[in-house]
Undergrad: 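Mind having a look at this structure? Questions to follow.
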2 protein chains.
Amino acid sequence: MAIAVSVTAQEKTVMHSKNSAISLVVQNNEAGNVQYSITYNGEPVILPSGTGFVFNKPSLRLDSFETIGIDSSANDETWEPVWGEVKSIRNSYKELTYAMADKKGSGIRVNLIFRVFDDGVGFRYEFPQQEKLGHFIIGDELTGFQLTADHTAFWIPGDYDSNEYLYNTTRLSAVDATKAAAKEPDIALKSLYGPDAVQTPLLLKTDKGIYINIHEAALVNYPVMQLNLDKAHLLLSSHLVPDAAGNKAYLQTPFKTPWRTIIVSNKATDLLASKMILNLNEPSVISDPSWIKPQKFIGMWWEMHVGKATWPKAGGKHGANTGNVMKYIDFAAANGFDGVLVEGWNEGWEDWFGNWKENVFDFVTPYPDYNIDSLSAYAKKKGVRLIMHHETSGSVTNYERHMDTAYRFMLEHGINTVKTGYVGRIIPRGEYHDGQWMVNHFQRVTDKTAHYKIMVDSHESVRPTGLHRTYPNWLASEAARGNEFNNAPALGLRPEHETILPFTRLMGGPMDYTPGYFHFQLNQFDSTRKTRIRTTLAKQLALFVTMYSPLQMAGDLPENYEQFPDAFQFIKDVPVDWDDTKILSAEPGDYVVIARKAKGRADWFAGAVTDENSRSVEFDFNFLDPGYNYQAIIYKDAENANWETNPAAYAIEKKTVTNKTKLSVKLAKGGGAAIALTRLASQGKRR
Amino acid sequence: MAIAVSVTAQEKTVMHSKNSAISLVVQNNEAGNVQYSITYNGEPVILPSGTGFVFNKPSLRLDSFETIGIDSSANDETWEPVWGEVKSIRNSYKELTYAMADKKGSGIRVNLIFRVFDDGVGFRYEFPQQEKLGHFIIGDELTGFQLTADHTAFWIPGDYDSNEYLYNTTRLSAVDATKAAAKEPDIALKSLYGPDAVQTPLLLKTDKGIYINIHEAALVNYPVMQLNLDKAHLLLSSHLVPDAAGNKAYLQTPFKTPWRTIIVSNKATDLLASKMILNLNEPSVISDPSWIKPQKFIGMWWEMHVGKATWPKAGGKHGANTGNVMKYIDFAAANGFDGVLVEGWNEGWEDWFGNWKENVFDFVTPYPDYNIDSLSAYAKKKGVRLIMHHETSGSVTNYERHMDTAYRFMLEHGINTVKTGYVGRIIPRGEYHDGQWMVNHFQRVTDKTAHYKIMVDSHESVRPTGLHRTYPNWLASEAARGNEFNNAPALGLRPEHETILPFTRLMGGPMDYTPGYFHFQLNQFDSTRKTRIRTTLAKQLALFVTMYSPLQMAGDLPENYEQFPDAFQFIKDVPVDWDDTKILSAEPGDYVVIARKAKGRADWFAGAVTDENSRSVEFDFNFLDPGYNYQAIIYKDAENANWETNPAAYAIEKKTVTNKTKLSVKLAKGGGAAIALTRLASQGKRR
């Protein structure tokens with residue numbers, strides 16, 4: 001296939017996306033600096049921006065190149081994810097490869113590979129196998145993102161160890177990571193590296209209404225890219241997370257870096273619907289994924305957060321005892337949940353946190369009051385699976401020594417999903433959560449669990465970059481501020497939080513957000529607590545739809561669900577896997593309205609969430625099958641609902657709707673709405 | 001038993017050794033500084049010297065104490081090592097415990113425990129379980145060794161990663177680690193930390209002829225102690241090897257530090273005979289050690305050093321191919337060796353060194369030309385064991401991930417001894433060979449190999465501290481400049497080297513020194529090589545006796561041994577395990593003469609080595625059984641022998657001797673002598 005590539009004398013190459021919306025220009029100037037720029041519908045989005053590296057070994061700066069070849073191609077394929085928001089995904093792009101050689105005489109060759117999609121651009125560096133470069137150590141990556149103006153940014157502070165910050169919405173010129181982080185005493189481990197530093201996925205909005213998401217795809221054997229901000233020039237620069245020795249990455253040719261991704265749209269809904277990051281990842285390596293199942297589950301977990309129970313055995317309130325967990329299994333079985341997560345089941349919680357202790361847990365020794373054998377048998381009888389918890393306490397060397405034994409122990413007990421945790425400072429000491437070594441650790445976990453046919457839900461792990469296409473057993477991660485932060489005494493959450501996450505953190509992959517709180521003042525078991533949930537009940541339901549994840553843990557306690565059986569019905573009904581998704585309307589920081597079609601069924605589920613403002617949102621059901629009636633059960637905020645003073649006030653309404661129906665629903669302040677749409681017999685006649 | 005302890009008003013405690021030679025004084029001055037001092041036969045050896053710690057967490061300086069109790073006791077027991085230089089060891093000492101509390105109000109308690117032996121003093125810190133101290137991080141240990149004068153020191157530079165330096169013999173005031181290390185281009189990885197830094201075991205000799213060895217015993221879960229030298233005050237201070245974060249040790253009460261050891265004697269021979277360091281270690285944890293066997297072996301190894309063969313497969317000279325190794329097995333079987341070490345057998349050697357590469361070897365994938373299955377079977381048929389080689393390249397995280405599988409692979413192939421290697425910079429990056437993390441790694445190797453009933457010979461590992469009493473499957477280590485350094489192009493070895501090692505490195509435990517070179521110019525396979533062996537042939541034989549090790553690898557090539565079958569007979573005959581040992585005469589840097597009695601036999605073997613000077617040494621055979629004749633086969637330097645110009649000239653003499661015989665043997669420059677003494681029928685009548 002012939003691709004339109006025009007090369008000028010100055011080696012300026014222009015490539016337009018298939019829909020012509022996106023244009024990429026790559027150019028090698030006289031100094032040998034290869035720069036790229038991007039326009040969207042003729043509007044500059046990224047001005048000419050630099051590329052290159054500093055190597056620590058061999059010691060050189062690789063930013064001046066001779067172009068030794070320019071190649072282009074195109075691709076158009078459709079693939080089916082093992083699970084996801086949609087049944088099939090089209091991967092259509094044009095590719096441009098700039099083959100370059102170091103102009104300064106080292107003989108090193110590097111290819112810069114661009115893929116131009118209808119909704120953005122991804123590019124990566126490829127170091128082919130070559131005589132002049134074998135092993136090398138990256139000191140810095142010189143990739144720039146030269147912005148056009150002082151956009152509005154939705155950002156969290158640059159930090160090597162935590163991405164559990166609240167989002168800040170400011171002009172770029174007002175970014176101050178140090179100040180923002182100082183307001184967050186609830187984050188126990190911070191590794192900030194400067195005031196002008198932010199993390200990706202970073203969302204920008206221009207004054208002309210263009211949305212730009214900057215992130216990366218296929219982060220493999222490389223550190224996380226964070227971004228330095230030069231406020232004077234509005235230039236974002238790659239900042240790779242270092243290791244204990246101050247190096248960034250230890251590499252060997254042939255090697256390909258992760259893709260640097262820039263998704264662009266003038267429609268917030270299109271940005272949310274983008275599959276560019278997934279498409280930039282490699283196809284699944286798991287040939288028979290039949291054992292991988294999206295799951296809805298409950299957990300012996302929130303009890304500990306709200307002070308009803310404890311992780312450690314001592315003190316008389318140990319949550320994970322055999323009797324308690326049997327009750328959870330009963331509740332899960334009675335209400336159709338797939339699994340029960342159990343935290344605090346194993347020896348080691350007495351001094352697990354804050355000591356930088358290496359030999360914390362062994363992952364196979366239950367507390368004496370936790371009879372894992374009888375519970376496994378009981379769960380099996382009830383048709384429920386236990387979900388294993390492996391908190392590493394950040395002691396990853398220790399976890400790696402125990403992984404094989406621990407995974408075999410799981411399988412011996414019929415458990416095939418593990419929630420991993422990395423709370424605390426990393427061991428190897430001096431490494432960070434987001435450095436290359438940890439990225440490789442998560443890869444090792446993924447590979448080894450796949451070998452044992454185990455699914456993974458990783459917490460305090462690296463934020464996702466679409467790798468769930470390649471490794472679909474890595475179902476979800478936390479890697480952002482979760483719903484649990486409602487219980488944090490200082491900043492907690494803000495009602496807007498869940499309207500920003502889909503544009504930022506979720507662009508990389510699913511999050512185990514733990515929606516579904518029905519009890520709002522978190523002083524149920526400890527009257528001194530001032531913490532609370534910052535949503536209405538209806539919004540908690542809506543999150544099951546708006547916060548896509550193949551793992552959804554209904555976060556609250558069984559007894560709290562039993563208080564509201566009619567509302568709980570939505571949690572029981574909502575699926576965790578989908579054939580289709582429609583982003584109905586969205587604006588970051590304000591609202592998100594999404595409808596999804598249940599996997600293998602004709603039924604749809606919709607959710608709408610708003611920030612601290614009340615607003616009406618419209619559900620245009622034009623995506624429903626024509627000629628059918630649907631029973632809509634609408635879970636919405638009661639008229640007088642309000643996250644601050646009246647969060648539990650909801651109303652449930654039943655209606656028959658068709659694909660002609662446009663339904664307006666009022667969301668309370670901090671509120672939401674959830675809708676279950678069941679297709680009825682053709683022409684509205686019930687069978 | 002009542003122990004004489006006199007306590008003055010100033011809390012000055014004096015304890016004399018049972019033989020009264022050693023006196024220890026411990027004293028808590030008004031400022032609360034607890035100091036100890038040591039005299040030998042009334043002569044000060046260590047002047048009052050400080051104790052204490054700097055903690056990094058909690059942040060405090062722990063060097064001012066209230067004495068809250070002083071206790072004393074005594075012990076006298078005799079124990080039998082699994083293997084060793086002697087059949088049984090007497091452990092007789094008096095113990096003094098200073099129970100102390102932080103005077104500055106932290107409430108932290110620490111016990112200072114001294115053991116006073118007839119030949120020295122050991123002391124350690126004990127942090128008992130206590131309310132005020134759980135987890136803590138050591139920033140510095142404040143242990144001092146205040147010397148009395150500017151002694152002669154036998155030292156190597158302080159270095160976190162290497163102890164493969166040549167020994168320097170200078171006054172303390174002339175120590176310059178930086179300069180000394182600069183002369184050593186053959187050491188690929190150096191982590192020096194200053195000019196006034198030396199390692200232990202450190203040997204000092206006073207002008208009055210007192211020998212002092214400073215080292216440590218029972219190094220467990222703690223970094224190596226090196227020594228800073230304050231030349232102005234002749235004060236040695238503990239310098240603990242740091243980790244990647246600059247901390248020294250992560251500890252949890254209850255905890256006991258290693259023992260700091262000071263062995264003192266006016267006889268060099270008594271210093272060499274000291275068992276104090278072994279005695280300060282805990283008894284063996286291996287209840288059935290029947291599988292642990294001292295071994296004499298050969299190796300597919302020197303071929304690579306001298307350029308006959310290569311470790312990597314490529315290039316046409318791969319040493320570890322099936323045919324070559326079969327010849328080694330044949331040679332071992334024909335000459336009574338227990339095993340054949342094979343290096344370069346496994347995939348990964350192509351880029352194993354110098355890249356700080358993590359995934360180097362997997363320890364289970366042989367090169368395609370190495371048929372480990374058939375070789376295992378062949379070795380078994382021939383009554384020889386293969387010895388496994390696990391070079392980690394310093395990538396210890398990688399090794400730990402593969403250890404279990406690798407050890408099982410060994411057992412599947414009938415291999416129960418592993419030579420480990422740690423050449424190169426450590427991964428976890430930022431850790432050092434001698435830091436706490438690596439000390440714990442060696443412990444993990446020891447524990448895991450014991451679990452699998454595997455014996456260990458560790459190279460580039462931490463220098464020993466008598467732990468082979470507790471873990472007798474850790475047979476030997478390198479951890480010093482081995483015989484292989486004769487092949488190093490720059491400094492190589494000096495003839496005096498083997499007269500210093502027994503007083504320094506070997507005080508902590510056995511070394512895999514690889515004696516037994518018969519070919520002296522190392523240009524056999526590469527005519528451009530300028531390297532050579534710095535001994536005579538007779539001295540190479542003597543090393544099998546003077547350099548005690550339960551693992552002795554006859555280092556040279558089979559074809560070189562075949563050149564000198566009569567001399568080779570000594571290597572075939574000499575045992576590797578002993579019932580008794582007599583240090584006949586010794587002077588560090590000059591000569592060492594030792595006789596040992598073969599395990600379970602009436603026969604003795606003796607060895608004498610000298611430095612660059614020729615000298616006559618006397619063997620007084622008064623230790624032989626009275627009333628018996630012994631056939632002595634004396635392997636000695638020929639009259640015209642000389643390490644530089646005529647190293648291979650030797651003479652073999654047979655003589656009948658009794659316990660009345662005194663035999664004078666002349667050692668050439670850089671020469672030695674080895675004697676095999678076979679007990680004949682009583683009264684000299686041959687049966």
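Residue numbering restarts at 1 for every chain, and letters A, B, ... go by the order of the sequence lines.
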Undergrad: Do the rings of A:Y160 and A:H239 sit parallel, tilted or perpendicular, given the 30° and 60° boundaries?
TA: parallel
Undergrad: Among A:K57, A:R444, A:M403, A:E400, which residue forms the greatest number of heavy-atom pairs with chain B at distances under 4.5 Å?
TA: A:R444
Undergrad: Please look at A:D243 and chain B and tell me whether the side chain, the backbone, both or neither of the residue comes under 4.5 angstrom of a heavy atom of that chain.
TA: side chain
Undergrad: Please flag which part of A:N440 lies under 4.5 Å from any non-hydrogen atom of chain B: side chain, backbone, both or neither.
TA: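 Neither the backbone nor the side chain of A:N440 comes within 4.5 Å of chain B.
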Undergrad: Show your working on ring pair (Phe, Tyr, Trp, His ring centres under 6.0 Å) between B:F53 and B:F136 and close with a plain yes or no.
TA: CA-CA 11 Å; B:F53 292 92; B:F136 59 111; 7.9 Å; no
Undergrad: Given a strict heavy-atom distance threshold of 4.5 Å, which part of B:R429 is in contact with chain A: side chain, backbone, both, or neither?
TA: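 Both backbone and side chain.
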Undergrad: Parallel, tilted or perpendicular for A:F255 and A:Y222, by the 30°/60° rule?
TA: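 Because their plane-to-plane angle is under 30°, the rings of A:F255 and A:Y222 count as parallel.
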Undergrad: Can we say A:D161 and A:K190 salt-bridge, meaning some charged N sits less than 4.0 Å from an Asp/Glu carboxylate O?
TA: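 Looking at A:D161 and A:K190, the cut-off is not met.
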